[in-house]
Amino acid sequence: MLSLSRALGRRLFSSAAASTSAVRKAQNPLEEFFEVERSTEEDEPRPHYGRGWKASELRLKSWDDLQKLWYVLMKEKNMLMTQRQMLNAENLRFPNPERISKVKRSMCRIKHVLTERAIAEPDPRRSAEMKRMINAL
């Protein structure tokens, strides 16, 4: 009975893994610093990457959402800079240099929005605490 459930489970999981091959799960934590390999064929269109965050959009988000977004942007920046460094070491061109500036600009806007909130805080102690947290980012 146990071997039947193992075989059935393997078959189910292998088919599920095959159907979700577009979603990449990092086996090694260091794999998060590298982008998924893309096809280099000439006939395929280049992937389109999104725009940076606007300050008006960020003002609508909560403190926790901004912290989560900061973490995501930090990981994206580290991944892009690692990829750029690896390609430069091999004398290859980084494919989308504008992505790094979009991420950096979004991170600056998050700091700006958080600073606005800290300045608007009526309690001076809480405002000072918020400013220390922002400067630590």
Side-chain angles (χ1 to χ4, degrees):
M1 183 69 171
L2 184 61
S3 63
L4 177 64
S5 66
R6 283 185 185 164
L8 183 60
R10 283 187 195 135
R11 192 174 310 144
L12 287 175
F13 288 128
S14 66
S15 66
S19 67
T20 60
S21 62
V23 176
R24 186 181 105 171
K25 195 71 163 174
Q27 300 296 329
N28 183 344
L30 292 177
E31 288 180 7
E32 292 181 11
F33 288 102
F34 302 99
E35 194 169 28
V36 177
E37 293 296 323
R38 301 198 192 285
S39 174
T40 57
E41 296 178 19
E42 295 296 326
D43 58 343
E44 283 193 26
R46 284 180 52 186
H48 176 72
Y49 298 102
R51 60 174 174 76
W53 285 85
K54 294 180 181 177
S56 60
E57 297 169 335
L58 294 171
R59 286 185 187 102
L60 302 174
K61 300 212 171 279
S62 70
W63 180 272
D64 291 334
D65 288 343
L66 290 175
Q67 284 185 322
K68 289 175 189 175
L69 182 57
W70 178 270
Y71 179 72
V72 168
L73 289 171
M74 182 63 75
K75 284 178 65 174
E76 179 77 8
K77 180 179 146 191
N78 286 341
M79 185 267 306
L80 290 171
M81 295 186 82
T82 302
Q83 183 182 18
R84 182 178 70 180
Q85 186 64 31
M86 298 271 297
L87 290 172
N88 283 344
E90 297 175 8
N91 292 325
L92 296 173
R93 191 178 68 82
F94 184 59
N96 299 21
E98 69 276 0
R99 287 176 65 192
I100 294 175
S101 62
K102 287 179 187 178
V103 169
K104 285 182 177 180
R105 210 172 310 124
S106 293
M107 291 174 79
C108 286
R109 288 179 181 150
I110 288 175
K111 277 186 132 176
H112 179 75
V113 168
L114 292 175
T115 303
E116 285 177 347
R117 290 182 186 178
I119 291 170
E121 178 65 37
D123 182 17
R125 287 185 184 166
R126 182 157 161 75
S127 177
E129 175 77 21
M130 289 171 73
K131 288 176 184 175
R132 276 194 294 275
M133 289 177 64
I134 294 166
N135 289 333
L137 291 177

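In this text the structure is predicted, and so the values were computed from the model without any measurement. Only this structure's heavy atoms are used, side chains among them; waters, hydrogens and symmetry mates stay out. Throughout, residue positions are numbered sequentially from 1 according to the sequence presented.
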Enter the distance from Leu73:CG to Asn78:CG here, rounded to the nearest 0.5 Å. 11.0 Å
Under 3.5 Å donor-acceptor, Ser106 side chain and Gly52 backbone: no
Sequence neighbours left out, what passes side-chain contact (heavy atoms from CB on, under 4.5 Å) with Leu92? Give chain and number order. Leu87, Glu90
Would Glu76 and Met79 count as a side-chain contact (heavy atoms from CB on, under 4.5 Å) if you check the C-alpha gap in whole Å, the side-chain angles of each, and the deciding distance to 0.1 Å? CA-CA 5 Å; Glu76 179 77 8; Met79 185 267 306; 3.7 Å; yes
Within this structure, what is the CG-CG distance for the pair Leu114 and Leu137, rounded to the nearest 0.5 Å? 7.0 Å
Apply side-chain contact (heavy atoms from CB on, under 4.5 Å) to Ile100 and list each qualifying residue two or more places apart in sequence or on a separate chain. Leu80, Met81, Arg84, Phe94, Lys104
For Asn88, check side chain to side chain donor-acceptor pair (under 3.5 Å) against everything at least two apart and list the hits. none
Sequence neighbours excluded, every pair satisfying side-chain hydrogen bond (donor to acceptor under 3.5 Å, both in side chains) that has a member inside residues 122-131: Glu129-Arg132
So NZ of Lys111 and CG of Asn135: to nearest 0.5 Å the spacing works out to 6.5 Å
Mind running salt bridge (Lys or Arg N to Asp or Glu O under 4.0 Å) on Glu57 and Arg109 for me, showing each step along the way? CA-CA 10 Å; Glu57 297 169 335; Arg109 288 179 181 150; over 6 Å; no
Are Met133 and Leu69 joined in one hydrophobic group, where the rule is that I, L, V, M, F, W and Y side chains link up if heavy atoms are under 4.5 Å apart? yes
Among residues two or more places apart or on two chains, list those pairs meeting salt bridge (charged side-chain N to carboxylate O under 4.0 Å, His left out) that have a residue in residues 60-70. none
Using the side chain to side chain donor-acceptor pair (under 3.5 Å) criterion, which residues pair with Arg117? Sequence neighbours excluded. none
The criterion is side chain to side chain donor-acceptor pair (under 3.5 Å); which residues satisfy it with Glu116, sequence neighbours excluded? Arg59, His112
Just to verify, what does Ser101 make a side chain to side chain donor-acceptor pair (under 3.5 Å) with, not counting sequence neighbours? none
